[in-house]
Structures are given as C-alpha cells and as structure tokens.
> 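One structure is given below, represented as structure tokens, and several questions about it will come after.
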Amino acid sequence: MTLHFTPAEYAARQARAIEALQAEGLDAILMFAPESHFWISGYDTFGFAMFQCMVLTARGDLHLLTRMPDLRQARLTSTLTDDQIHIWTEVEGANPADDLARLLADLGVSGNIGFESQTAGLTDYNGQRLRAVLPGLIDTSGLIRGLRRHKSPAEIDMHRRAAALSDDALDAALEITRAGAFEGDILAAMQGAVFKGGGDYAGNEFIIGSGPGALLCRYYSGRRHLDPQDQLTLEWSGTYARYHAAMMRTVVVGEVSDAHRRMHAATVEAIEACEAAIRPGAPMGDVFDAHARVFDAHGLHHARLQACGYGMGAVYNPIWVDFPMFYEGNPLPMLEGQVFFLHMILMDSDSGAAMTLGHSVLVGDKGVERLSRHDLGLLMC
C-alpha cells in the first residue's frame with residue numbers, strides 16, 4: 001500500500017467520523033467527495049469523475065463502490081481490503097445507484113442515510129439517479145468536511161512541505177521573470193520545482209496573467225511574452241500528498257509606478273490586519289472585515305473582491321479551494337490547527353493596474369504562523 005499516514009491516524013479519523021454519524025442519528029453516510037475518501041482511508045484517484053461512493057456505517061463498516069479501473073487503485077493507495085471494495089458492472093443500461101442500494105442492504109443499513117451532494121464527485125445526473133433509488137437521503141455534505149477542518153500534526157507537516165514547494169516555485173519563477181520572458185517558461189519552471197521537490201499536481205491550474213491578463217484571477221489558455229513594462233500576476237500552490245499551501249504575487253516588470261507602490265502598501269497592511277484577526281473561536285467574518293477596512297481606507301473599494309481567502313487541505317480537481325471562505329458576515333468560528341490561504345487581491349480596471357499578495361497560514365493557540373519563507377516585499381524585475 002502507498003499510505004501517507006499511519007494506520008493509527010486513519011483509525012482515529014474513522015472513529016471521529018463514526019462518532020459524528022452517531023451524534024447525527026445516521027445509520028450511514030454515502031461519501032462522494034474524493035477529499036472524504038482520501039481523508040478517511042487514503043484512497044487516491046481521479047476516478048470520482050465517474051460514479052463511485054464510499055459508505056461508512058454507524059457500526060464502523062467502511063466499503064467502496066467503484067469501477068473496475070479503480071480496483072487496483074484502491075488496493076494500492078487505501079486501507080481498504082478486497083472484501084471492502086466492490087465493483088459495479090458497466091454494461092448498457094447499468095445504474096450504479098442500484099448496486100449501491102444492494103450494498104447498503106447487504107450491510108443492513110435501513111435507517112437515516114446521509115450523503116454528500118456539494119462535491120464534484122456527484123454530478124446532478126448521478127444525483128438524480130441516486131435519489132430515485134434511495135429516496136429520503138439526508139444531505140450531510142458538511143459532516144466529513146467539518147471533521148477535516150482541524151488538521152492533525154501529521155497533516156500540518158504535509159502543509160509545511162507543500163508551503164516549502166510553493167516557495168521553491170516562486171524562486172524558480174523569479175529566476176527567469178524579466179522583459180521578454182515567455183509565460184510558458186515561467187509556468188514550466190514553477191511546476192517543475194514542485195515535481196522536483198516530490199510534490200503533486202495542484203487541485204487546479206497554476207494561474208498566470210500578464211499585461212491586461214494580470215487583472216484576472218483565473219487560469220485561461222494562451223501564452224505571451226512579457227513587455228519591457230509589464231505586470232505579472234501569479235497564483236499557485238505547492239502540493240504534497242494532495243495537501244496545499246497556496247500563494248499569490250504580482251511582479252512588476254520595468255519601472256514601478258506610484259499606483260503599484262500604493263496598491264502594494266495596501267496589500268501588506270491588509271494581510272497583516274487579516275493575520276491579526278485570525279484567532280481560535282473568532283468568526284471568519286472578522287478576517288474579511290479587516291481586509292475590507294484597510295482597502296476601503298486606501299480608497300480601493302472598487303478594486304477589491306468579496307472574499308479574501310479560504311481553507312487549505314487535501315483537495316482534488318477542479319479547484320484547490322477547501323471551504324469555508326472568508327467573506328462578509330461568515331459566523332463560522334476559526335479553529336486551532338486550521339490552515340488558511342489569505343489572498344489580498346486588487347484589480348483596478350480603471351487604471352489597468354493589478355496588485356496581489358497571498359500566502360498560507362496555520363492557526364495556532366494565540367494567532368497565526370506564516371508557512372511561507374518569503375517576505376512581503378514588492379517583487380520587481
């Protein structure tokens with residue numbers, strides 16, 4: 001088996017999940033989120049794009065229903081034994097939801113059943129078929145997700161390794177970023193640094209944009225060379241054992257404008273204010289308020305976004321965001337042992353200037369620890 005954690009760690013996670021099921025009065029939960037599969041058993045695959053489900057009962061039974069290509073994947077990457085892995089037959093007219101219903105019957109599950117709907121692991125098409133076969137399912141998308149928020153010491157170590165890879169990727173980018181540099185070479189250097197360090201693909205594409213594209217915070221296809229006077233926005237994440245520690249920076253190429261200097265100063269002040277607002281037990285909305293207060297005081301309300309970060313964890317495509325998010329009014333209390341990505345993003349369409357600053361932090365008993373070794377200085381070349 002290829003496991004990233006000890007059997008004792010997985011046993012403790014399963015025990016916490018069983019306790020949560022019992023507290024909610026559930027006989028079982030149907031897990032469709034690949035993050036849930038990975039967390040509870042180590043099972044690691046992109047096969048969630050097809051129908052697959054992991055079942056955990058309140059008695060402690062753990063079983064996987066998946067397709068034939070993932071049989072050996074489950075054997076190699078998870079704690080599951082062969083009698084816990086079930087393959088649904090792919091023939092014309094097959095409905096894997098029927099196979100799932102039979103598995104639940106064999107396990108003696110007949111009471112309240114929860115399921116995860118807020119995941120790319122369950123399409124609307126398969127969700128409709130699931131509810132047709134198993135009416136009365138209870139949406140418990142937050143159950144395992146909630147347990148995953150607090151990171152164990154072993155998980156924190158994975159985040160630290162991911163953060164080191166993020167730093168390595170930034171170093172690799174800065175070595176070749178200059179006027180005339182090709183965006184494709186910058187991306188290759190960043191991703192190569194992660195792979196050379198033993199890391200994985202991130203949960204979504206690395207984001208790169210220069211010129212007008214520096215004002216975008218999504219990946220898009222098409223590469224260009226940097227102009228003598230330019231701006232380059234990068235958002236990326238080192239990833240180790242699927243655990244992420246995202247970062248974000250805007251690099252100024254050529255002469256630094258007064259606008260870029262003012263915007264950078266505001267992002268530094270904002271990220272420091274956000275870090276000061278992070279403490280166990282405080283609502284997540286406090287962090288957004290700190291971000292908004294700083295940017296608005298600098299007259300940059302028009303350039304800021306409606307969120308300023310989110311959780312980090314072991315996540316899968318299509319996006320590395322691990323909820324919850326920092327947005328206005330979010331009452332969810334922060335926990336010691338959580339990892340967050342803080343991103344201070346200013347996109348001023350009026351002036352055409354972009355400035356971003358972001359890194360991942362660990363929540364301690366009294367405050368935060370920055371996981372990046374890079375300082376907050378303005379990046380120029």
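If you're wondering where the values come from, they're calculated on a predicted model, not measured in any experiment.
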> Do His244 side-chain atoms and Gly203 backbone N/O form a donor-acceptor pair below 3.5 Å?
yes

> Quick one about Thr356 and Glu235 (side-chain donor to acceptor, distance below 3.5 Å, no hydrogens or angles considered), yes or no?
no

> Charged N to carboxylate O below 4.0 Å: is that the case for Asp286 and Arg293?
no

> Is it true that Arg373 and Asp171 have a side-chain N and a carboxylate O under 4.0 angstrom from each other?
yes

> Using a strict cut-off of less than 4.0 Å between a Lys/Arg side-chain nitrogen and an Asp/Glu carboxylate oxygen, indicate whether Asp200 and Arg242 qualify as a salt bridge.
no

> Sort out for me which residue in Leu64, Asp61, Leu100, Leu62 forms a side chain to side chain contact (heavy atoms under 4.5 Å, CB included) with Val55.
Leu100

> Do the side chains of Leu226 and Arg178 get nearer than 4.5 Å, heavy atoms only?
no

> Check whether any side-chain heavy atom of Arg13 lies under 4.5 Å from a side-chain heavy atom of Leu147, and answer yes or no.
no

> Flag yes if Met312 and Leu305 sit in one hydrophobic cluster, no otherwise; membership is Ile, Leu, Val, Met, Phe, Trp, Tyr, and two members link when side-chain heavy atoms are under 4.5 Å apart.
yes

> With a 6.0 Å cut-off (strictly less than), is the heavy-atom count around CZ of Phe5, excluding the residue itself, greater than 12?
yes

> Contact between Arg129 and Asp98 at the side-chain level, heavy atoms closer than 4.5 Å - yes or no?
no

> Applying a strict under-4.5 Å side-chain criterion to I, L, V, M, F, W and Y, I'd like to know whether Leu378 and Met247 cluster together.
no

> For Phe288 together with His291, are the ring centres under 6.0 Å from each other?
yes

> I'd like to know if the side chain of Thr119 reaches the main chain of Leu122, judged simply by a donor and an acceptor atom lying under 3.5 Å from each other, with no hydrogens or angles considered.
no

> Assess the side chains of His301 and Asp296: does a donor N or O sit below 3.5 Å from an acceptor N or O?
no

> Any chance CD of Gln229 has more than 12 other-residue heavy atoms, nucleotides or ligands included, within less than 6.0 Å?
yes

> What distance do Arg304 atom CZ and Met263 atom CE have between them, rounded to the nearest 0.5 Å?
13.5 Å

> So does Ala245 get a backbone contact from the side chain of Ser166, meaning a donor-acceptor N/O pair under 3.5 Å?
yes

> Leu30 versus Leu130: any side-chain heavy-atom pair under 4.5 Å?
yes

> I'd like to know if Ile176 and Phe182 are part of one continuous hydrophobic network [Ile/Leu/Val/Met/Phe/Trp/Tyr, side-chain heavy atoms within less than 4.5 Å].
no

> Give the C-alpha distance, both sets of side-chain angles, the deciding distance and a yes or no for salt bridge (Lys or Arg N to Asp or Glu O under 4.0 Å) between Asp230 and Arg224.
CA-CA 12 Å; Asp230 216 327; Arg224 68 185 290 270; 2.9 Å; yes

> Would Tyr243 and Asp157 satisfy side chain to side chain donor-acceptor pair (under 3.5 Å), going step by step from the backbone distance to the final call?
CA-CA 10 Å; Tyr243 286 82; Asp157 183 59; over 6 Å; no

> Within a strict 4.5 Å, meaning less than it, do heavy atoms of the Leu346 and Phe295 side chains meet?
yes

> Below 4.5 Å, heavy atoms only, C-beta onward: do Met344 and Cys274 meet side chain to side chain?
yes

> Between Thr57 and Arg59, is there a donor-acceptor pair closer than 3.5 Å when you use the side chain of the first and the backbone of the second?
yes

> Give a yes or no on whether a salt bridge exists between Arg148 and Asp322, defined as a side-chain N under 4.0 angstrom from a carboxylate O.
yes

> Is Asp99 salt-bridged to Arg102, going by a charged N under 4.0 Å from an acidic O?
yes

> Assigning hydrophobic clusters by single linkage (Ile, Leu, Val, Met, Phe, Trp, Tyr; side-chain heavy-atom cutoff under 4.5 Å), is Ile186 placed with Leu170?
yes

> Might you work through the side chain to side chain donor-acceptor pair (under 3.5 Å) test for Glu24 and Thr140, ending with a clear yes or no?
CA-CA 9 Å; Glu24 294 293 325; Thr140 52; over 6 Å; no

> Looking only at atom types and distance, does a side-chain atom of Glu116 sit under 3.5 Å from a main-chain N or O of Ala33, one as donor and one as acceptor?
yes

> Is a donor on one side and an acceptor on the other found under 3.5 Å between the side chain of Asn112 and the backbone of Gly25?
yes

> Taking all atoms of both residues into account, what is the closest heavy-atom pair of Trp320 and Asn204, and its distance?
N-OD1, 2.9 Å

> Could you tell me whether the side chain of Glu155 and the main chain of Ser152 form a donor-acceptor pair under 3.5 Å?
yes

> Roughly how far apart are Phe46 CZ and Asp70 CG, rounded to 0.5 Å?
8.0 Å

> Just checking, is any N or O donor in the side chain of Thr2 or Thr77 under 3.5 Å from an acceptor N or O on the other one?
no

> Taking Ile29 as the starting point, is it possible to reach Leu80 by hopping between hydrophobic residues whose side chains are less than 4.5 Å apart?
yes

> Between atom CE of Met355 and atom CZ of Arg261, what is the distance when rounded to the nearest 0.5 Å?
9.5 Å

> For the residue pair Leu26 and Leu143, establish whether any side-chain heavy-atom pair is separated by less than 4.5 Å.
yes

> Once the angle between the rings of Tyr316 and Phe38 is folded into 0 to 90°, is it parallel (under 30°), tilted (30 to 60°) or perpendicular (over 60°)?
perpendicular

> Side chains of His359 and Glu275: do they bring a donor and an acceptor to under 3.5 Å?
yes

> Side-chain contact, heavy-atom cut-off 4.5 Å: Glu369 with Arg160?
yes

> Are Ser210 and Glu183 close enough that a side-chain donor and a side-chain acceptor fall under 3.5 Å?
yes

> When you measure from the side chain of Arg131 to the backbone N and O of Gly136, does any donor-acceptor pair fall under 3.5 Å?
no

